[in-house]
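Everything on this sheet refers to the single structure shown next.
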Amino acid sequence: DTGVSQDPRHKITKRGQNVTFRCDPISEHNRLYWYRQTLGQGPEFLTYFQNEAQLEKSRLLSDRFSAERPKGSFSTLEIQRTEQGDSAMYLCASSSTGAYNQPQHFGDGTRLSIL
Amino acid sequence: GQQLNQSPQSMFIQEGEDVSMNCTSSSIFNTWLWYKQDPGEGPVLLIALYKAGELTSNGRLTAQFGITRKDSFLNISASIPSDVGIYFCAVEGAQKLVFGQGTRLTINP
């Protein structure tokens, strides 16, 4: 399987706990994106990386959220001191840069449920 | 907030019928995309549009990028049960995607 891979697929945790999600992009893709999707809505942009550099962060990304892509390959998204409102599907996408824009391809997401 | 207006929000059709949905924006965008999302899965890219006026097909799916660069439509011909799902339009601006609210398609056999 050469698509975007996300782990875990589901995470249930108590309010106040920290959680970390992992995303492995399509291997030749240098851009990696994180989105959040709540029930009944389209995905909303959180942040993106080009190689290891984090180039943009949405105002949705509070200081409890941190994302890394240390070697320009896989990425992690950590949420500290989780709150009820953090319950959502967290989606990762990747794309490549080149002469023409390439579309973003998504993984199947990590569904986070906060008890 | 989201800048795209996608309609209709939901559709209930009979198998074999054709489907049409559209998306409009108050701003100009140079890339329009259509994704389909099944329950518990991520969005899957259906069609990407990069040129105003472009009409692109992918099997039974046809999408057009409006000449004003402020709208796009997606048509599905001869719907089948596996077409059930949520369809999202999206535009790309400054390296990130902005999505519409989605169109939920339900098909009666």
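Chain letters run A, B, ... following the sequence lines, proteins first, then strands; residues in each count from 1.
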Closest heavy-atom pair and its distance - A:Q102, B:Y50:
C-OH, 4.1 Å

Any non-hydrogen side-chain atom of A:Y35 less than 4.5 Å from a side-chain atom of B:P43?
no

Do B:I76 and B:V84 share a hydrophobic cluster (ILVMFWY, side-chain heavy atoms under 4.5 Å, transitive)?
yes

Between B:Q6 and chain A, with a heavy-atom cut-off of 4.5 Å, which part of the residue counts as in contact: side chain, backbone, both or neither?
neither

Within 6.0 Å of CG in A:L60, more than 12 heavy atoms from elsewhere:
yes

Between A:Y33 and B:L97, does the side-chain contact (heavy atoms from CB on, under 4.5 Å) criterion hold? Intermediate values first, please.
CA-CA 10 Å; A:Y33 311 79; B:L97 297 181; over 6 Å; no

A quick test of your reading: do over 12 heavy atoms of other residues, nucleotides or ligands sit less than 6.0 Å from CZ of A:R9?
yes

Against chain B, residues from residues 106-115 of chain A with at least one heavy atom under 4.5 Å, in numeric order, are A:F106, A:G107, A:D108

Is there any residue in residues 49-57 of chain A with a non-hydrogen atom under 4.5 Å from a non-hydrogen atom of chain B, and which ones are they?
A:E56

Residue, of B:A48, B:A90, B:G40, B:G102, that accumulates the most heavy atom pairs under 4.5 Å with chain A
B:G40

Verify the neighbour count for atom CD of A:E68: are there more than 12 heavy atoms of other residues, nucleotides or ligands below 6.0 Å?
no

Are A:W34 and A:F45 co-members of a hydrophobic cluster defined by side-chain heavy atoms under 4.5 Å apart?
no

Quick check on A:Q37 against chain B: is it the side chain, the backbone, both or neither that has a heavy atom closer than 4.5 Å?
side chain

Please check if atom CD in A:E78 has more than 12 non-hydrogen atoms from other residues, nucleotides or ligands closer than 6.0 Å.
yes

Check for me, please, whether A:L32 and A:F21 land in the same ILVMFWY cluster - side-chain distances under 4.5 Å, paths through other members count.
yes

Run A:Y48 and B:Q95 through side-chain contact (heavy atoms from CB on, under 4.5 Å) and show every step you take.
CA-CA 8 Å; A:Y48 92 96; B:Q95 317 308 333; 3.1 Å; yes

Show the nearest heavy-atom pair for residues A:G42 and B:F88, with the distance to one decimal.
CA-CE2, 3.3 Å

Any chain of hydrophobic side-chain contacts (each under 4.5 Å) joining B:I47 to B:F73?
no

Report the residues that fulfil side chain to side chain donor-acceptor pair (under 3.5 Å) with A:H105, sequence neighbours left out, ordered by chain and then residue number.
none

B:V44 with A:V4, same ILVMFWY side-chain cluster at under 4.5 Å
no

Quick one: CD on A:Q104 to CG on B:L33, what's the gap to the nearest 0.5 Å?
8.0 Å

Do any of residues 82-91 of chain A have a heavy atom less than 4.5 Å from a heavy atom of chain B, and if so, which, in residue order?
A:M89, A:L91

